[in-house]
*Asks:* 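For reference, the structure I am asking about is given below.
Only this structure's heavy atoms are used, side chains among them; waters, hydrogens and symmetry mates stay out. Count residues from 1 along the sequence. Please read all numbers here as calculations on a predicted model, not as lab measurements. Counting starts at 1 for both ligands and their atoms, following the listed order.
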Amino acid sequence: MRPETTLETGPAHLASGGGFILHHMRVWRWHFAGLFALVVASAACGVGQQVGLKFLVDAMAGPPGFQGAALSALALFLVLIAAEAFLARLTGWLACRATVGVGVDLRTELFDFLSAQSMRYFAENLAGSLGQRVTATAGNFGALVNTFVWRIIPPVVDVVGAVIIFASLDRGLTAALVALILVVTAGLIRFGARGRPIHRAYSGEAASIAGDLVDTIANMWTVKAFSARARERTRLEAGFRREAASQARSWLYLEKARLIHDVALWLLAAGILTWTLHLWSRGDVSAGSVVVVASLTLRIVHSSKDMALSLVDVAQYFGFIEETLAVIAKPVTVCDAPGAPALVPRGGAVALDRVTFSYGVGRSVLDGVTLTIPAGQKVGIVGPSGAGKSTLVHLLQRLYDVESGEIRIDGQPIAGVRQDSLRDALAVVPQEIGLLHRSVMDNIRFARPEASDEEVFAAARAASCDGFVRALPDGYATVVGERGTRLSGGQRQRIGIARALLKAAPILLLDEATSALDTETEMAIQAAIVRLMRDHTVIAVAHRLSTLTAFDRILVVSEGQVVEDGTVRDLREAGGLFAQMWELQAEGLSADVVVDVA
Ligand SMILES: Nc1ncnc2c1ncn2[C@@H]1O[C@H](COP(=O)(O)OP(=O)(O)OP(=O)(O)O)[C@@H](O)[C@H]1O
C-alpha cells in the first residue's frame with residue numbers, strides 16, 4: 001500500500017512567488033532583457049532632454065541669434081523627445097508580447113499542478129475560487145510587469161541621471177540627493193514588505209467570496225426552489241463587506257505610503273532648488289544649470305509620484321501570487337511513486353485485500369474489506385444509502401488512497417502503477433455525470449478522441465441515446481449546456497454510458513449509472529452492457545435490484561463491510577439483507593427503508 005503521507009511537493013520554483021515568476025521569466029529571458037534595455041534607453045532620453053534644455057538656456061544667455069549653439073541645443077532637444085516616444089512604443093510592443101506569453105505559461109503550469117490534486121482536494125476547495133485564482137495570477141503578473149516598466153524603472157533612471165548631472169555641478173548637492181533617496185527607498189521597501197500580510201489577506205478574502213458567488217450561481221435552482229434568494233443575498237452581502245473591509249485595509253495602507261513619499265519629495269524639491277539658487281546667486285552655476293536642476297527635480301517628483309504606490313503595489317501583486325501558490329501548489333496527496341510502471345491490463349481482475357478507508361477523522365467508511373472479482377465477471381453492488389458503495393468505486397479509480405490494505409488490478413497494486421495507466425484500464429459512469437459544455441459528439445468522443453463517427457454512433461445506440469440525440473435541434477452537434485443542463489437527467493446518464501462504452505476499457509464501473517431511467521430502458525441498457533462487455537469486468541452499483549438479474553454475482557455492502565456475496569438467486573434464498581431489500585422493492589418500497597427495518 002502507498003501511504004497518503006507520501007507527498008509530491010512539486011517543482012522547487014513553486015515554493016515562492018518570486019521563484020515562480022523568475023522561473024517563467026527565464027523562459028522569455030531575451031524578451032525581458034530587451035524590454036529592460038528599451039525602458040532604460042527611453043527614460044535616459046527623457047533625462048537627456050533636460051540637458052538639451054540646459055544647453056538651450058545657456059545659449060540664450062549669450063548673444064541673440066538663431067544659429068550655432070542654440071540651433072544644436074534645439075535639435076538635440078527635439079531628437080531626444082522623438083527618440084523617447086519611439087522607444088516607449090517599442091517597449092509597449094515588447095511588454096505586450098512577453099506578458100501575454102508568460103500569462104499562458106503560468107496558467108498552464110498552475111492547471112497542470114491543480115489537475116494532479118486528489119479528489120479530496122477538490123471536495124475541500126471551491127472550483128470557482130480555484131479558477132479565479134488561476135486567471136488572476138496571469139493578470140497579476142501582467143500588472144507586475146507594467147508596474148516595473150512604466151512606474152518603477154523610469155524614475156530610477158531619472159534619479160541615476162540626476163545624480164550624474166548634479167555631480168557635474170556640485171558635490172554637496174549630489175551627496176544630499178543620494179542620501180535622501182536611499183533613506184526614502186529603504187523606508188518604502190520596508191513599508192511595502194510590512195504590508196504584505198495585509199494584501200495577502202485581501203487576496204484570500206477576494207478569492208473565497210468569488211468562489212462562493214460562483215457556487216451560489218451554479219446552484220441557483222436550489223436557491224430558488226427553497227425561496228432562499230433574500231437569505232443568500234444577505235449572506236453574500238456579508239461576504240462582500242468582509243472583502244471590502246480587507247480591501248480598504250490594503251488600499252489605505254497604500255495611501256499611507258503615498259503620504260510618506262509626498263512629504264519626502266517635497267523636502268527633496270525644496271532643498272535642491274533652494275541650494276541651486278544659492279549656488280547661482282554666488283555665481284557658481286549658470287542659469288541653464290538652475291533650469292536643468294529644476295526640471296530634473298520636477299521630473300523626479302512627477303515620475304516617482306506613484307513610485308511608493310508602485311512598490312507597495314508590487315508587494316500586493318506578489319501577495320496575490322503567493323496566496324495562489326499556497327492554495328494550488330499544496331503537496332499532492334495522491335501521486336505516482338517515482339518511476340512507477342504503467343499498469344498492464346490482463347483481463348480486468350480486481351482484488352481488495354483488507355482495505356480500510358475513511359474520508360478524514362471519524363469512523364471508517366470501508367473497514368477491512370477483502371474480495372476477489374475474477375476477470376470478466378459482472379458484479380452488482382447493493383446496500384443501504386451511505387454504506388460505502390460509491391467509496392468503493394472511488395477507491396478502485398484511486399481518487400483517494402486507502403488507509404490500510406491494498407487494491408490490485410490484474411495482480412498489480414494500483415498504488416504502485418501510474419495513475420493515468422490505471423484510469424486507462426477503467427471506464428466509469430459516475431452518479432453525477434459530468435458533461436462538458438461542448439457538443440454531444442465531443443462529449444461521447446471524450447473517452448477516445450480518435451474514435452470514428454461510426455464508433456460514436458454505435459456506442460450511442462448501445463446506450464439507447466442515438467434516438468433522442470438525433471431528435472435534438474442540431475443532432476450530435478448540439479451543445480449540451482454547462483454540465484449538461486440542456487438535457488434531462490436520464491439523457492445525461494445515457495450519454496455518460498455511451499462515453500464509457502466507447503472507451504471499451506477492461507473494467508467498467510457503473511455507480512447508479514441508470515438510476516434516472518425508467519425500468520424498461522434501464523433493463524435494456526443493463527442487458528446491452530452485459531452483452532457488449534462480454535469479455536470485460538463490470539462492477540455496477542445499483543439501487544433497483546431487479547436490473548441486476550443478468551449479473552453473475554451480487555455483493556451486499558452495509559456499514560463498510562461486504563455482508564453478503566452470491567448470485568441473485570442464492571441471496572434471495574439466503575433470507576438476509578438482500579432478500580429483505582428484494583421483497584421491499586417488490587412491494588414498491590425503497591431499499592433505504594430496509595436500513596431502518598434491519
Ligand atoms: N467526499 C467525502 N467527504 C467526506 N465524507 C464522505 C465523502 N463522500 C462520502 N462520504 C461519506 O462516506 C460514507 C459512504 O458514502 P458513499 O457515497 O460511499 O455511500 P453509498 O453507499 O454510495 O451511498 P448512496 O447509495 O447513497 O450513494 C457516507 O457516510 C458519506 O457521508
Side-chain angles (χ1 to χ4, degrees), residues 4 117-127 129-130 211 215 218-219 330 332-334 350 352 355-371 373 379-405 407 414 426 428-434 489-490 492-493 496-497 508-517 522 526 538-548 551 554-565 571 576-578 580-582 584-585 589-598:
E4 193 145 312
Q117 293 287 1
S118 68
M119 291 315 290
R120 193 188 296 262
Y121 174 89
F122 289 101
E124 286 166 4
N125 292 280
L126 290 174
S129 115
L130 293 174
D215 188 45
N219 289 294
K330 274 204 178 123
V332 178
T333 52
V334 177
V350 175
L352 271 75
V355 167
T356 296
F357 173 78
S358 69
Y359 283 100
V361 284
R363 77 178 176 90
S364 295
V365 177
L366 291 184
D367 192 5
V369 174
T370 296
L371 62 95
I373 298 173
V379 180
I381 300 181
V382 302
S385 180
K389 305 180 296 291
S390 300
T391 303
L392 193 61
V393 173
H394 291 157
L395 293 181
L396 286 174
Q397 299 167 68
R398 207 179 158 216
L399 298 184
Y400 302 91
D401 268 329
V402 298
E403 253 162 48
S404 67
I407 300 178
I414 62 168
L426 305 169
V428 188
V429 187
Q431 254 178 27
E432 287 289 326
I433 304 286
R492 278 202 295 276
Q493 283 196 331
I497 293 167
L508 176 62
L509 298 176
L510 304 165
D511 189 356
E512 291 181 38
T514 47
S515 56
L517 304 176
E522 185 176 28
Q526 297 282 32
V538 178
I539 301 175
V541 175
H543 270 295
R544 240 178 286 171
L545 309 182
S546 55
T547 60
L548 296 174
F551 279 52
I554 306 296
L555 299 171
V556 182
V557 177
S558 177
E559 296 187 359
Q561 308 262 347
V562 176
V563 292
E564 291 173 30
D565 179 352
L571 296 185
L577 185 55
F578 184 82
Q580 284 182 49
M581 289 162 73
W582 185 279
L584 282 171
Q585 284 200 1
L589 292 170
S590 105
D592 295 357
V593 181
V594 176
V595 195
D596 302 327
V597 173

*Asks:* Only pairs under 3.5 Å count here: list side-chain donor-acceptor contacts from residues 360-370, not counting sequence neighbours, and write none if there are none.
*Replies:*
residue, atom, partner, partner atom, Å
Thr370, OG1, Arg354, N, 2.8

*Asks:* Measure the distance from atom 18 (O) of ligand 1 to every protein heavy atom, then report the residue, atom name and distance (to 0.1 Å) of the closest one.
*Replies:*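 Nearest protein contact, heavy atoms only, for atom 18 (O) of ligand 1 is Thr391 OG1, 2.4 Å.
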
*Asks:* Quick one: are Val428 and Gln397 in side-chain contact, heavy atoms under 4.5 Å?
*Replies:*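 Yes, at least one pair of side-chain atoms sits under 4.5 Å.
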
*Asks:* Identify the protein heavy atom lying closest to atom 26 (O) of ligand 1, giving its residue, its atom name and the separation to 0.1 Å.
*Replies:*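 Nearest neighbour among protein heavy atoms for atom 26 (O) of ligand 1, to 0.1 Å: Ser385 OG, 2.6 Å.
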
*Asks:* Would you please determine whether Phe357 falls within less than 4.0 Å of ligand 1 on a heavy-atom basis?
*Replies:*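 Contact absent.
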
*Asks:* Using side-chain heavy atoms (C-beta onward) and a distance below 4.5 Å, is Gln493 in contact with Val429?
*Replies:*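 They are not in side-chain contact.
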
*Asks:* Look at ligand 1 and say whether His543 reaches it with a heavy atom at a distance under 4.0 Å.
*Replies:*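 Right, His543 reaches ligand 1.
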
*Asks:* If you define the side chain from C-beta out and look only at heavy atoms, does anything of Leu396 sit under 4.5 Å from Leu352?
*Replies:*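 The answer is yes; the side chains approach within 4.5 Å.
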
*Asks:* Which residue and atom name correspond to the protein heavy atom nearest atom 27 (O) of ligand 1, and how close is it?
*Replies:*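 Nearest protein contact, heavy atoms only, for atom 27 (O) of ligand 1 is Gln431 NE2, 2.8 Å.
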
*Asks:* Below 4.0 angstrom, counting only protein heavy atoms, does anything approach atom 16 (P) of ligand 1?
*Replies:*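 Yes.
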
*Asks:* For the residue pair Leu399 and Val334, establish whether any side-chain heavy-atom pair is separated by less than 4.5 Å.
*Replies:*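 Leu399 does not reach Val334 side chain to side chain.
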
*Asks:* At a non-hydrogen distance cut-off of under 4.0 Å, which region of His394 contacts ligand 1 (side chain, backbone, both, or neither)?
*Replies:*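 None of His394 does.
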
*Asks:* Within a strict 4.5 Å, meaning less than it, do heavy atoms of the Ile539 and Val350 side chains meet?
*Replies:*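 Result yes, sub-4.5 Å side-chain heavy-atom pair found.
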
*Asks:* Give a yes or no on this: more than 12 heavy atoms of other residues, nucleotides or ligands lie within 6.0 Å of atom CD of Gln431.
*Replies:*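 It does: Gln431 CD has more than 12 such atoms within range.
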
*Asks:* Examine Gly386 against ligand 1 and note whether any of their N/O atoms are separated by less than 3.5 Å.
*Replies:*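 Looking only at distances, the answer is yes, because the N/O contact criterion of under 3.5 Å is met.
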
*Asks:* Could you tell me whether Gly388 and ligand 1 have an N or O pair separated by under 3.5 Å?
*Replies:*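 Looking only at distances, the answer is yes, because the N/O contact criterion of under 3.5 Å is met.
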
*Asks:* Return the orientation label for the Trp582 and Phe578 ring planes: parallel under 30°, perpendicular over 60°, tilted otherwise.
*Replies:*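 Taking Phe578 first and then Trp582, their aromatic rings sit tilted (interplane angle of 30° to 60°).
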
*Asks:* Considering distance alone, does some N or O of Lys389 sit under 3.5 Å from an N or O of ligand 1?
*Replies:*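 N/O-N/O distance below 3.5 Å exists for this pair.
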
*Asks:* Classify the ring geometry between Tyr400 and Phe357 as parallel (under 30°), tilted (30 to 60°) or perpendicular (over 60°).
*Replies:*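 Aromatic pair Tyr400/Phe357 classed tilted.
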
*Asks:* Please identify which atoms of ligand 1 are closer than 4.0 Å to at least one heavy atom of Tyr400.
*Replies:*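 Answer for ligand 1: 1 (N).
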
*Asks:* Would you confirm whether any non-hydrogen atom of the protein falls under 4.0 Å from atom 30 (C) of ligand 1?
*Replies:*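 So far as the 4.0 Å threshold goes, atom 30 (C) of ligand 1 is out of reach of every protein heavy atom.
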
*Asks:* What protein heavy atom sits nearest atom 4 (C) of ligand 1, and how far off is it?
*Replies:*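 Ranked first by proximity to atom 4 (C) of ligand 1 is Tyr359 CB, 3.2 Å.
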
*Asks:* For atom 13 (C) of ligand 1, find the nearest protein heavy atom and state the residue, atom name and distance (0.1 Å precision).
*Replies:*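 Answer, as residue, atom name and distance: Val365 CG1, 3.7 Å.
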
*Asks:* Tell me whether Lys389 contacts the main-chain N or O of Gly383 through its side chain, where contact means a donor paired with an acceptor under 3.5 Å.
*Replies:*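 Confirmed, Lys389 side chain pairs with Gly383 backbone.
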
*Asks:* Atoms of ligand 1 less than 4.0 Å from Ser390 heavy atoms?
*Replies:*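 So the answer, numbered in order with elements, is 17 (O), 18 (O), 20 (P), 22 (O), 27 (O).
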
